[in-house]
There are 2 protein chains.
Amino acid sequence: MKITIDLVAERAGVSKTTVSRIMNGNFAHTRDETKNRVLQVIQELDYRPNALAKGLKSSHTNVLGIVLSNLKNPFWTVVLEGVEDACRHLGYNLMICNSSEQAAMEEQYIKEFQMRRLDGIVINPTARNLELYTKLAASKYPMVVVNRRVPGLDVHHVIMNNMKGATMAVHQLLHNGRRNIAAFVYDNPYVSTWKERVDGYREALQGSGRSPEELRILELELEGGTAKSTIMRYLGEHPEIDGIFSTNNMLTLQIIEAVKEMGLKLPEDIAIVGYDETVWSQHLDPPLTTIMQPGYKMGYLAAQMLIKSIKAKRKPKPETIVLEPELIVRKSCGAVRS
Amino acid sequence: MKITIDLVAERAGVSKTTVSRIMNGNFAHTRDETKNRVLQVIQELDYRPNALAKGLKSSHTNVLGIVLSNLKNPFWTVVLEGVEDACRHLGYNLMICNSSEQAAMEEQYIKEFQMRRLDGIVINPTARNLELYTKLAASKYPMVVVNRRVPGLDVHHVIMNNMKGATMAVHQLLHNGRRNIAAFVYDNPYVSTWKERVDGYREALQGSGRSPEELRILELELEGGTAKSTIMRYLGEHPEIDGIFSTNNMLTLQIIEAVKEMGLKLPEDIAIVGYDETVWSQHLDPPLTTIMQPGYKMGYLAAQMLIKSIKAKRKPKPETIVLEPELIVRKSCGAVRS
DNA sequence: TCGATTTCGGAAACCGATTAACAAATGCGC
DNA sequence: GCGCATTTGTTAATCGGTTTCCGAAATCGA
């Protein structure tokens, strides 16, 4: 025998309307005596209302969806923590999906979210489903884009100031006397964050009087595990390089490995500044200088913003929040050279 | 105007029965001409059936839930990857929740799962809601417990052989000539994995002829950040210690920090073997010897098992799968002493 | 040609909640 | 004791699908 609202009503000798009201904290229509009797029965039966029925009727589920690109990168687990906390504080549940940077999976998950009638979604977009995003935005489906910019898409954004972070990283290297600084980046042209970091690198160097010819930008394959060997080859061809700006925390690990394997010393021969502070940054050899981003805050704000926009009667104008990075100086960027 | 099955039916000039059949791939009752017309309309309207309504009627949602204890530990993101892949391959969606090792949150999430009528759950239990687990099992709610053992709970388990891993770790230290080996562990008595690892340590030492007095087991606070100073005090009081078996990857980072801060050299003065291989293990200074656990496999098997049990007409007998760890030798455990 | 199948498709009940509209009971002033 | 407002609770429609049962038309066999 399934435990439904009808059963509760029957046992308590009232109609399901009354039970429903009490379940939803609406006590205006029932006297205390009745209320307590119903509450008692609910307790005894350990009744759990069917969220599907509730959602079907009321057309909202109190569930948010998030699709992100890589759960294995600790940056995202921190963001997730922020999203989770906001959801918990504001009474929402969360459905988490992993696009693995693949447009097809992203599309599938978003459609799944819609079919399940999730109240809204947070997305770190692959930036490859422009048509879908636009349709979503046009249909007023509550949505917040995080971390990456999707140009021309008029929805809420919570993003990071990547130019600033990159500039800080490069300036730190320059400050420590490095003269031939390279920037290493994964070769995915859709990821605006990486692009912006390279732009920041470019700007910082040119701003300090370097000519465009002195720019050393190396693009590495994201897949296939060829990154390390490519790095070694590149460093072999450019022995003048004495500083590296790494635009991604996973990439940084590969760079360190490559440099060590070449017998070069860190930070004496080559100084490194990496993007994204992680649990391991301070434990590496040498401890890593990094750009720290407020991931938790980004997640929290995004969820908060999304929920606000869900609850709003009239949809608010899309807003963009830009969060500022911070430089954490450790040994890997080298000391000031005399 | 909302796009429902009725609208599709109307536009196609058929009844919703027919549309429903076609949506579910049941073409036996419709001729090709009608089928194609309906398909056409579905396409044009970009119709997405309401999963809530579907779930309400058919009483299954094709969603699995997982509640785990700490998403920030990379061990769990790997497990999650396995679960996700299995879900994707077998046509399920996943709802991920984070108990943060708190019984109350675990309870809340499980109840949420039930209300949402998820088809089954995977759980890394806090082991503090025994009554709830038992009730769940008794109610035949499909469930698979991972990583930790809940004694007396007769449900599917996919767990790791922790005794074996701990034994391997300690033997490696002994093999490398360490004579005074300590085991460091977080002080949560509910986590069976940590307990088993300490048991393994105990057994390995006693098996090699050590007396119980020679056991050095230090329990550290999980919360509060006092671990590092406690470690330093302990090592100060026990200068004879020349090997440490760390039962947790996060703890390992703190141990390394403490040891370095005391001016001791790794691995010369103190050798370390840590539990759980992670992305950073090989990049630490010195590179860390670890026990690697097949997390992906655990996740995949758990989800697979769960789905099998959901689909089974007659519920299969609870089964326990035990997965074996592997030792990865790097410099931190020291070389063989002459 | 006629009854029996087979093919194709619809009507309506149902899943388990919410909620508008309505009705009975009670209280209260006079 | 009467009229009216307030309190307390019910009936029934509804959300958007699935599925059982049934009926009409087409096909078939003899």
Side-chain angles (χ1 to χ4, degrees), chain A residues 1-39 41-42 45-63 93 111-119, chain B residues 1-42 45-63 111-119:
Chain A
M1 182 60 196
K2 260 185 291 188
I3 300 171
T4 69
I5 196 171
D6 287 294
L7 181 60
V8 174
E10 189 192 323
R11 292 277 178 100
V14 296
S15 77
K16 54 201 260 189
T17 303
T18 302
V19 178
S20 174
R21 284 191 183 127
I22 290 174
M23 285 298 299
N24 292 298
N26 178 354
F27 304 131
H29 295 268
T30 39
R31 65 163 161 272
D32 276 8
E33 187 197 320
T34 315
K35 184 186 82 176
N36 290 334
R37 188 151 34 94
V38 172
L39 249 20
V41 174
I42 288 173
L45 292 176
D46 195 21
Y47 166 61
R48 311 260 163 82
N50 185 326
L52 297 172
K54 183 166 181 163
L56 173 58
K57 176 63 185 170
S58 61
S59 62
H60 63 260
T61 51
N62 267 274
V63 181
N93 272 85
K111 290 188 170 166
E112 200 71 41
F113 286 171
Q114 291 187 283
M115 297 205 307
R116 300 199 184 282
R117 301 301 191 261
L118 303 203
D119 291 346
Chain B
M1 181 59 198
K2 263 186 289 188
I3 300 169
T4 68
I5 196 171
D6 287 294
L7 180 61
V8 174
E10 189 192 325
R11 293 275 178 101
V14 296
S15 76
K16 54 200 257 188
T17 304
T18 302
V19 178
S20 174
R21 284 188 184 130
I22 290 173
M23 284 299 299
N24 293 297
N26 178 355
F27 303 131
H29 295 267
T30 39
R31 64 164 161 268
D32 277 9
E33 187 195 320
T34 314
K35 183 185 82 177
N36 291 333
R37 189 153 31 93
V38 172
L39 250 20
Q40 171 87 14
V41 174
I42 288 173
L45 292 177
D46 196 19
Y47 166 59
R48 310 258 164 82
N50 184 326
L52 297 173
K54 184 166 180 163
L56 174 59
K57 176 62 185 171
S58 60
S59 63
H60 63 259
T61 51
N62 267 276
V63 181
K111 289 188 171 166
E112 198 72 41
F113 285 172
Q114 290 187 285
M115 297 203 308
R116 299 198 184 284
R117 302 299 192 262
L118 302 204
D119 291 348

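Here is how names work: the chains are called A, B, and so on, in the same order as the sequence lines, proteins then strands, and each is numbered from 1. In this text the structure is predicted, and so the values were computed from the model without any measurement.
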Query raised in the report: If you round to the nearest 0.5 Å, how far is CD1 of B:I42 from CD1 of B:I22?
Result: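 Reported value, rounded in 0.5 Å steps: 6.5 Å.
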Have a look at [X] and say if it touches a base, only the backbone sugar-phosphate, or nothing, with a 4.0 Å heavy-atom cut-off.
X: A:T4; value: sugar-phosphate
X: B:F27; value: nothing
X: B:T34; value: sugar-phosphate
X: B:V19; value: nothing
X: B:S58; value: nothing

Which nucleotide sits closest to the side chain of [X]: [options]?
X: A:A53; options: C:dG16, C:dA12, C:dG9; result: C:dG16
X: A:N24; options: C:dG10, C:dT18, D:dA12; result: C:dT18
X: B:N50; options: C:dG16, D:dG9, D:dG16; result: D:dG16
X: A:L56; options: C:dA17, D:dT8, D:dG16; result: D:dG16
X: A:T18; options: C:dT18, D:dG9, D:dT19; result: D:dG9

Figure out the [atom1]/[atom2] separation between [X] and [N], and round it to whole Å.
X: A:Q114; N: D:dG16; atom1: CD; atom2: C1'; value: 17 Å
X: A:I22; N: C:dT19; atom1: CD1; atom2: P; value: 15 Å
X: A:D6; N: D:dT10; atom1: CG; atom2: C1'; value: 13 Å
X: B:K16; N: D:dT20; atom1: NZ; atom2: C1'; value: 14 Å
X: A:E10; N: D:dT10; atom1: CD; atom2: C1'; value: 16 Å
X: A:H60; N: C:dA17; atom1: NE2; atom2: C1'; value: 12 Å
X: A:K35; N: D:dT8; atom1: NZ; atom2: P; value: 11 Å
X: B:I5; N: D:dT14; atom1: CD1; atom2: P; value: 18 Å

Query raised in the report: Can you tell me if the side-chain N/O atoms of B:Y47 get under 4.0 Å from OP1 or OP2 in D:dG17?
Result: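 Yes, such a contact exists.
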Query raised in the report: Can you check whether A:S20 has a side-chain N or O nearer than 4.0 Å to OP1 or OP2 of C:dT18?
Result: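 Answer is yes, contact under 4.0 Å.
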**Report entry** DNA chain D: 5'-proximal contact among B:R21 and B:K2 (nearest heavy atom)
**Finding:**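 In this pair, the answer is B:K2.
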Query raised in the report: Which residue, B:H29 or B:P49, contacts DNA chain D at a nucleotide closer to its 5' end, judged by nearest heavy atom?
Result: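 The residue closer to the strand's 5' end, by nearest nucleotide, is B:P49.
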On the side chain of [X], is there an atom forming a donor-acceptor pair with the base of [N] - under 3.5 Å, no angle test?
X: A:K57; N: D:dT14; result: yes
X: A:R31; N: C:dT26; result: no
X: A:T17; N: D:dT10; result: no

Query raised in the report: Does some side-chain heavy atom of A:N93 sit less than 4.5 Å from a side-chain heavy atom of B:R116?
Result: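 In short, these two side chains touch, coming nearer than 4.5 Å.
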**Report entry** A:I5 and A:P49, any side-chain heavy atoms less than 4.5 Å apart
**Finding:**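 No - every pair of side-chain heavy atoms lies 4.5 Å or more apart.
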Query raised in the report: With no hydrogens and no angle check, is any side-chain donor or acceptor of A:D119 less than 3.5 Å from a backbone partner on A:H60?
Result: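 Answer holds: no.
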Query - Exercise: do B:K2 and B:N50 side chains pair donor with acceptor under 3.5 Å - result: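 No.
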Requested in this report: Would you check, one step at a time, whether the test side chain to side chain contact (heavy atoms under 4.5 Å, CB included) holds for A:V8 with A:R11?
Outcome: CA-CA 5 Å; A:V8 174; A:R11 292 277 178 100; 5.9 Å; no
